[in-house]
There are 2 protein chains.
Amino acid sequence: MNILIVEDEKRLASALKQILTEQKYMADVVYDGEDGLEYGLSGIYDVIILDVMIPFRDGFSVARELRKNKIQTPILMLTAKDTVGDKVSGLDSGADDYMTKPFAPEELLARIKALTRRKGEVILDESSFGDFQFNASTGMLSKGSKSVHLNFKEAEIMKLLIANRDIIISKEDIITKVWGYDSDAGSNNVEAYVSFLRRKLNFIQSTSEIKAIKKVGYRLESRDD
Amino acid sequence: MNILIVEDEKRLASALKQILTEQKYMADVVYDGEDGLEYGLSGIYDVIILDVMIPFRDGFSVARELRKNKIQTPILMLTAKDTVGDKVSGLDSGADDYMTKPFAPEELLARIKALTRRKGEVILDESSFGDFQFNASTGMLSKGSKSVHLNFKEAEIMKLLIANRDIIISKEDIITKVWGYDSDAGSNNVEAYVSFLRRKLNFIQSTSEIKAIKKVGYRLESRDD
DNA sequence: GACAAGCCTTAAAAAATCCATAAAGACCAA
DNA sequence: TTGGTCTTTATGGATTTTTTAAGGCTTGTC
């Protein structure tokens, strides 16, 4: 899966690239609209992430030009928080989806997944670990007849823990993935949420546990050693 | 079911095609009036979606010419919002229905369904969920002897909720499907309608409820736990 | 044992989200 | 135009989520 990133803010661009390559996407980065258009016209990409405010040629223009040239690659448009009107212009100019900065990596990945999902394909976001199940789309954590609802951030963290199964995930990772690349959440935020999750795992009487590894991070473990 | 789309705005044309193919319709697209006429004359289509403002030969003319050649295929005419007078000309020229741009996908599908419904054919767009029934064609929501009428938007939202049964549907989704892809309706609009629906569900004494999942969306649930 | 560092839990404050309702506006038919 | 219905917008309050902060616990070191 090839993704083109058109973003002039170096810091954000490289963060994006990192998020994507971590998920095994191939990502190319260009820093202005002219290059974005040229690369996009090649037609080799599966998704184009396109910032609106970029040098030489803005994102709307790039999108329009691509569509004019019959390039149907899904476009995910990035814009600053407050420019709500951009949404309309964005979709009008041919973008398929639209995301305001700043955003959490998880959201980015979800949107890319949605854009590349074939129509009609049904996805069940149900996973199980150890002795419990977690349904990511409803946020329900359950074991047997017991179940609890996880709120948004709890669910995000649980997803990460399950996705990373028996490997250790650092607090830093959790922060950047759940709170976003430029959030100012600290390690205590993660600790608090881990605590909430433990209480809920406990409530459903799961024997699995979120283990802390000092100075390294957390790991979800099932107790069948 | 074969549908012909005659629309020169590439983006809209492909959006239309996508909406239709998602519903298992076969859709062909042509980009001007000449082609539209030629394809339409083949008589193989069950519906023709015809934009008024298209190159070479406008929609009215295409419609008239088709009718002159005894082609009875139902025609759904598309025109821009403000040209209200077109409605008359459209129906005069032989169109069967008429829709202003922009429109919500749900509306398009409803109109096509209406056009392809054979006269006298009785359709029961009746669905039930939990302890109540909803008749999508009359907009009647009922349980036992109690019933209320749902107005257009209430009905659209109810349809979505029922169609999505126990899965969560996001406000964004509801907005794009009910208000249209470039509307500027906000989450408050959805909230207001959900509130209306709850009141009506309550009025007919249904025990089903529309549950909100914070930061995620809504889900219709029947209370039989 | 005393200390420090990192982690845990909890309560409470702050913020975000959702709710119901009212009021204003738009639309349509008579 | 007027009255009625449908839709949008605004508001304050209720609820839930998220953040913050403080003190306690555990582990490792001296």
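Only this structure's heavy atoms are used, side chains among them; waters, hydrogens and symmetry mates stay out.
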> Report, one pair per line, the protein and nucleotides 7-9 of chain D atoms (nitrogen or oxygen only) whose separation is under 3.5 Å.
| from | atom 1 | to | atom 2 | distance (Å) |
| --- | --- | --- | --- | --- |
| D/dT7 | OP2 | B/N151 | OD1 | 2.7 |
| D/dT7 | OP2 | B/N151 | ND2 | 3.4 |
| D/dT7 | OP2 | B/Y193 | OH | 3.4 |
| D/dT7 | O5' | B/Y193 | OH | 3.2 |
| D/dT8 | OP1 | B/W179 | NE1 | 3.0 |
| D/dT8 | OP2 | B/W179 | NE1 | 2.9 |

> Tell me whether A/D58 contacts the main-chain N or O of A/S61 through its side chain, where contact means a donor paired with an acceptor under 3.5 Å.
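Side chain of A/D58 to backbone of A/S61: a pair is present.
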> To the nearest angstrom, how far is B/K200 atom NZ from C/dA20 atom C1'?
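Distance check: B/K200 NZ to C/dA20 C1' gives 15 Å.
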> With sequence neighbours left out, what residues match B/F152 under ring-ring contact (aromatic ring centres under 6.0 Å, His included)?
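Applying ring-ring contact (aromatic ring centres under 6.0 Å, His included) to B/F152 gives none.
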> Does a sphere of radius 6.0 Å around CD in A/E22 hold more than 12 heavy atoms from other residues, nucleotides or ligands, not counting ones at 6.0 Å or beyond?
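Enclosed.
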> With a cut-off of 6.0 Å (strictly less than), are more than 12 heavy atoms of other residues, nucleotides or ligands near CE of B/M53?
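No, not enclosed.
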> Among A/L78, A/I48, A/I49, A/D51, find the one that has a side chain to side chain contact (heavy atoms under 4.5 Å, CB included) with A/V6.
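The single option meeting the side chain to side chain contact (heavy atoms under 4.5 Å, CB included) with A/V6 is A/I48.
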> A/H149 has an atom NE2; how far is it from atom P of C/dT17, in whole Å?
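Answer to the nearest Å: 14 Å.
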> Nearest whole Å is fine: how far is C/dT10 P from A/N202 CG?
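It is 10 Å, rounded to the nearest whole Å.
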> Can you tell me how far C1' of C/dC19 sits from NZ of B/K215, to the nearest Å?
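B/K215 atom NZ is separated from C/dC19 atom C1' by 18 Å.
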> Look at the side chain of A/E9 and the backbone N and O of A/R11, then say whether any donor-acceptor pair between them is shorter than 3.5 Å.
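No, A/E9 side chain to A/R11 backbone: no donor-acceptor pair under 3.5 Å.
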> All N/O contacts under 3.5 Å from nucleotides 25-30 of chain D to the protein, with atom names and distances to one decimal?
none

> Are OP1 or OP2 of C/dC8 and a side-chain N or O of A/R199 less than 4.0 angstrom apart?
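No, outside the criterion.
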> Distance check needed: D/dT11 P versus B/E191 CD, whole Å only.
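Atom-to-atom, B/E191 to D/dT11, this comes out as 15 Å.
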> Please give the angle, rounded to 10 degrees, between the axes at the start and the end of the helix from C/dG1-D/dC30 to C/dA30-D/dT1, where five pairs define each axis.
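Rounded value for the end-axis angle: 20°.
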> Taking 4.0 Å as the cut-off, does a side-chain nitrogen or oxygen of A/Y218 come that near to OP1 or OP2 on C/dG6?
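Answer is no, no contact under 4.0 Å.
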> Ignoring backbone atoms, test whether A/K171 places a side-chain nitrogen or oxygen under 4.0 Å from the OP1 or OP2 oxygen of C/dC7.
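Yes, such a contact exists.
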> Taking only residues two or more places apart in sequence or in another chain, which ones pass salt bridge (charged side-chain N to carboxylate O under 4.0 Å, His left out) with B/K17?
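Expected list: none.
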> A/R111: which residues meet the salt bridge (charged side-chain N to carboxylate O under 4.0 Å, His left out) condition with it, sequence neighbours left out?
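Once residues adjacent in sequence are excluded, the partners of A/R111 under the salt bridge (charged side-chain N to carboxylate O under 4.0 Å, His left out) criterion are A/D97, A/E107.
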> Rounded to whole Å, please give me the gap between CD in A/E156 and P in D/dT18.
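About 10 Å, once rounded to whole Å.
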> What donor-acceptor contacts under 3.5 angstrom involve side-chain atoms of residues 187-194 of chain B, with partners at least two apart or in another chain?
| from | atom 1 | to | atom 2 | distance (Å) |
| --- | --- | --- | --- | --- |
| B/N188 | ND2 | B/E191 | OE1 | 3.4 |
| B/N189 | OD1 | B/G186 | N | 3.1 |
| B/E191 | OE2 | B/K171 | NZ | 2.7 |

> Starting from P on D/dT18, measure out to CD1 on A/I175 and report it in whole angstrom.
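It is 15 Å, rounded to the nearest whole Å.
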> Enumerate the residues from residues 205-213 of chain A whose closest heavy atom to DNA chain C is under 4.0 Å, giving them by residue number; use none for an empty result.
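A/A212, in order of number.
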> Measure CD1/A/I174 against P/D/dT18 and give the value in whole Å, please.
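My rounded result for the distance is 15 Å.
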> Just to verify, what does B/E209 make a salt bridge (charged side-chain N to carboxylate O under 4.0 Å, His left out) with, not counting sequence neighbours?
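Counting only residues at least two positions away or on another chain, B/E209 forms a salt bridge (charged side-chain N to carboxylate O under 4.0 Å, His left out) with B/R223.
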> Do any N or O atoms from the side chain of B/D173 and from the backbone of B/I169 form a donor-acceptor pair under 3.5 angstrom?
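Side chain of B/D173 to backbone of B/I169, a donor-acceptor pair under 3.5 Å: no, none is there.
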> Quick test of your reading: applying salt bridge (charged side-chain N to carboxylate O under 4.0 Å, His left out), list the pairs with at least one residue in residues 140-155 of chain A, sequence neighbours left out, ordered by first then second residue.
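Qualifying pairs: A/D131-A/K143, A/E154-A/K200.
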> Which residue pairs pass the side-chain hydrogen bond (donor to acceptor under 3.5 Å, both in side chains) test when at least one of the two sits in residues 211-220 of chain A, sequence neighbours left out?
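Qualifying pairs: A/R219-A/E221.
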> Mind checking what makes salt bridge (charged side-chain N to carboxylate O under 4.0 Å, His left out) contact with B/K68, not counting sequence neighbours?
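Counting only residues at least two positions away or on another chain, B/K68 forms a salt bridge (charged side-chain N to carboxylate O under 4.0 Å, His left out) with B/E65.
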